[in-house]
Amino acid sequence: MSLIPIPEDRRFKIKLIGYDPGRSRPWLERFVYSLYVVAFWLFVIATYAGVPALFDWLGWDGGWGYVVMRALQVVMLFLLSAVIALMLILALRKYLGKVQERYGPMHYGPAGGIQTVFDALKLLGKEDFVPAAADWLTFRLAPAVTFVSSFAIFAVVPFASGWTLADSNVGLIYLIAVSTLSAYGVLLGGASSGNKWALIGALRAGAQMVSYEVPLALVFLSVAVWSGSMSLGKIVDAQLGVWNVIPLFIPFVLYVISSLAELKHIPFDFPEAESELIAGYNVEYSGMSFAFFFLAEFVELFLLPALIVVFFFGGWHGPLFGLEPGTLAAGALQSLYFSVKTAVWVWIFLWIRATLPRYRDDQLMEFAWKAMIPLALLGLVLAAYMRLIWR
Amino acid sequence: MSLLNEVWQAVKAIGTGMATVHKRVYEEAPTEFYPYVELDLPPVSVQSLALVENEDGTERCIVCLQCERACPSQVISIERHRNPEGKGFLIDRFDIDLVNCMYCSACVEACPVSSIVTIQDFELSTYDLHTLKADIDFLHEQARRSKKWYSPKLGVEIRTEDGRIEKAPPEMQPGGLAELLKPAAEEEES
Amino acid sequence: MGLLGSDERPRDIILGTLDDLINLARSRSMWPLTFGIACCAIEMMATWDPKVDADRFGMFFRNTPRQADVMIVSGTVNKKLAKRLRRLYDQMAEPKWVISMGACANQGGPFRHGYSVVEGVDKIVPVDVYIPGCPPRPEALLQALLLLRDKISDRELRYKRPQEIATDYDVFAEPGEDGRIPVL
């Protein structure tokens with residue numbers, strides 16, 4: 001009688017996989033996310049202590065062996081940055097969820113733990129599209145430039161005493177050079193897309209990042225003047241007694257504000273203001289190109305708080321419980337102190353992101369040029385004066 | 001000093017905002033965990049339509065075409081013929097196009113015998129649109145599967161476990177407990 | 001062997017497993033496009049609110065079509081909007097899916113006799129999952145998203161029911177010289 005077949009059971013079938021996910025498990029969440037932190041810590045130890053020890057054991061610690069060892073460390077840091085990005089994206093989504101009184105990703109993997117792995121795999125399999133109006137070479141290069149300029153900051157960041165790729169004595173100048181480069185990636189990406197939103201986003205990004213580089217450089221200068229060195233390792237060493245945040249309080253506040261602008265985070269997310277410019281400079285990017293912009297953003301979200309810790313919060317310093325500095329155990333403990341301090345600052349950045357609304361464009365520039373640069377100069381003068389008096 | 005005061009006001013405002021945001025972290029989320037936990041919708045929630053049969057399997061519908069006339073989006077189409085053995089009509093065809101239906105329940109209000117009713121089964125998403133062109137078997141199946149349904153004339157009816165159809169207890173009726181409690185409250189006042 | 005013509009693909013070991021992995025990832029991270037049209041869009045927004053929270057399943061809105069995977073057509077599509085909708089669909093990067101939400105998007109709903117309304121969004125873009133309702137509950141949209149998840153990751157559903165590409169473009173202007181619809 002019925003011409004149209006009635007489906008057997010149209011209802012959605014629930015497939016329970018081992019456990020009932022119908023409620024949240026705060027302790028499972030804490031356990032899974034602390035596993036991420038442990039993985040990060042082990043990665044750091046393997047990079048800075050494991051690889052040199054391996055090459056030492058193989059007897060390849062001279063000539064080309066040294067080059068290969070450094071290259072292997074860079075590869076390990078690349079993997080570490082991928083781990084950091086996966087971890088921080090998940091942390092951001094869970095934290096924003098908590099703040100908005102909901103649960104973030106929680107059904108895929110234990111407590112949503114492998115959600116970002118799925119995201120990464122999906123972006124890997126997605127079409128990487130170049131618009132007809134885009135300039136092919138620049139469009140392709142821009143994500144790489146952005147990512148490399150963020151990733152290169154890793155070279156000078158000390159995770160523990162002696163645990164750094166290059167403890168250069170011009171580390172601060174290198175930092176300024178490299179972090180300014182990331183403005184190029186955003187500018188090129190936006191301008192080469194052949195899209196109005198992307199162009200406006202890129203122009204805003206260019207103006208904002210160049211403006212906020214100036215107070216950032218002045219803050220670097222105050223830190224260098226106070227510590228008497230441009231090497232990041234020596235800056236940390238100089239904070240053995242008292243952390244820089246106490247004498248250099250004005251530069252510290254300015255550094256937090258301008259690193260928020262450097263990150264393109266709320267309240268300074270003009271280059272990708274969703275309500276105004278659809279996605280800003282990366283509006284035409286899809287697939288892995290977009291993933292590299294994303295990766296760069298979240299690697300910076302780790303690195304700029306890490307630099308706050310290096311400059312103002314004593315880097316790796318903490319009670320060593322009688323361990324001999326320079327040994328593996330002391331290095332592991334120091335890198336743990338460093339990671340915990342950085343995690344606190346990452347959390348504060350996420351907290352700011354969850355709280356504040358966006359500025360207006362002209363207010364942003366006015367704030368940079370009329371308030372922050374004079375204050376940064378004042379901070380520099382004060383730092384030099386205090387240096388003369390007390391050291 | 002007014003500048004310093006402004007700065008202090010700004011810092012205080014940001015601090016208050018951030019403290020307010022941080023308090024949210026400790027509050028419990030009102031999430032329902034939908035696919036894992038069954039939803040209990042109120043009986044007047046119009047999610048789909050069904051055609052109720054009597055307990056003995058005969059048709060409750062008297063084919064008066066009131067619902068077809070009442071339908072504002074003209075999705076109900078009925079064909080009937082005169083019953084040769086008695087009075088009234090018999091159904092030839094009873095189709096509701098659930099795709100275009102806007103679930104206003106005008107047909108339910110128009111039905112004199114509460115044959116066409118609203119049910120709370122919203123899980124009708126499909127890969128194939130043809131499964132939503134409901135004929136009479138489909139509508140009977142919808143009624144058979146649901147435990148309770150609603151019509152304005154008879155209120156909420158439930159299907160008991162042994163297959164009988166009963167009027168639901170007052171606390172299940174729309175506004176049930178409130179209606180029950182209202183006279184008592186008025187009496188107390190007076 | 002006629003493998004190319006058949007919908008059923010052979011289950012080879014290496015590529016089959018990789019296929020399954022990628023499709024698993026795709027089904028577990030579907031990012032919808034922020035594209036609300038009419039009253040169904042209110043329910044679409046409510047699907048991401050704390051009570052329903054589709055973010056539990058790893059879905060959040062992307063504003064640009066290049067980075068979105070799923071287009072949720074939530075409302076009446078009239079002939080003027082049809083061109084823009086098709087253009088947005090074309091701008092989305094492969095692979096992409098469409099969910100038709102509500103009576104208007106399915107077949108025009110109560111407005112289907114109107115002169116300006118497209119009778120069903122599947123005349124413009126290929127639709128994977130249809131949701132009846134006017135408007136559907138947020139949970140109904142979540143159920144549709146989960147059905148789409150199963151369609152992407154479930155091998156049987158994927159190959160037995162291939163996407164039908166819509167060719168019925170006569171709801172709006174004639175195709176241009178290159179056979180494509182002129183886009184304003």
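The sequence lines fix the lettering, A, B, ..., with proteins before strands; numbering per chain opens at 1.
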Distance-only side-chain donor-acceptor flag, Gln107(C) / Lys123(C), under 3.5 Å: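 Checked: Gln107(C)/Lys123(C) side chains show no N/O donor-acceptor pair below 3.5 Å.
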Short side-chain donor-acceptor distance under 3.5 Å, Ser125(B) and Gln143(C):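 A donor-acceptor contact under 3.5 Å links the two side chains.
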His81(B): side chain to side chain contact (heavy atoms under 4.5 Å, CB included) partners, not counting sequence neighbours: Leu90(B), Asp92(B)
Which bit of [X] comes within less than 4.5 Å of chain B, counting heavy atoms only: side chain, backbone, both or neither?
| X | result |
| --- | --- |
| Phe57(C) | side chain |
| Pro50(C) | both |
| Asp53(C) | side chain |

Portion of Leu129(B) that has a non-hydrogen atom of chain C nearer than 4.5 angstrom: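 Both backbone and side chain.
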Contact class of Gln47(B) relative to chain C, heavy atoms under 4.5 angstrom: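 Contact with chain C: side chain only.
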Check against side chain to side chain contact (heavy atoms under 4.5 Å, CB included), Phe122(B) and Ser48(B): CA-CA 7 Å; Phe122(B) 59 87; Ser48(B) 190; over 6 Å; no
For chain C, which residues of residues 17-31 of chain B have heavy atoms nearer than 4.5 angstrom: Pro30(B), Thr31(B)
Selection from Asp97(B), Leu41(B), Asn100(B) maximising heavy-atom pairs under 4.5 Å formed with chain C: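 The candidate making the most pairs under 4.5 Å is Asn100(B).
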Heavy-atom donor-acceptor pair, Ser29(C) side chain to Arg26(C) backbone, under 3.5 Å: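 It does not hold such a pair.
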Reference residue Arg60(B); test side-chain contact (heavy atoms from CB on, under 4.5 Å); the match among Ile165(B), Ile116(B), Leu51(B):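 Option passing the side-chain contact (heavy atoms from CB on, under 4.5 Å) with Arg60(B): Ile165(B).
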Positive for side-chain contact (heavy atoms from CB on, under 4.5 Å) with Gln142(B), one of Leu98(B), Val52(B), Val117(B):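 Result: among Leu98(B), Val52(B), Val117(B), Leu98(B) is the only option passing the side-chain contact (heavy atoms from CB on, under 4.5 Å) with Gln142(B).
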Heavy-atom side-chain contact between Ser105(B) and Val46(B) under 4.5 Å: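 Sidechains of Val46(B) and Ser105(B): in contact.
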Residue selection (most heavy-atom pairs with chain B, distance under 4.5 Å) from Ala103(C), Gly108(C), Gly120(C), Pro132(C):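 Answer, by heavy-atom pair count under 4.5 Å with chain B: Pro132(C).
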Under-4.0 Å salt bridge between Glu157(B) and Lys167(B):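 Answer for the salt bridge query: no.
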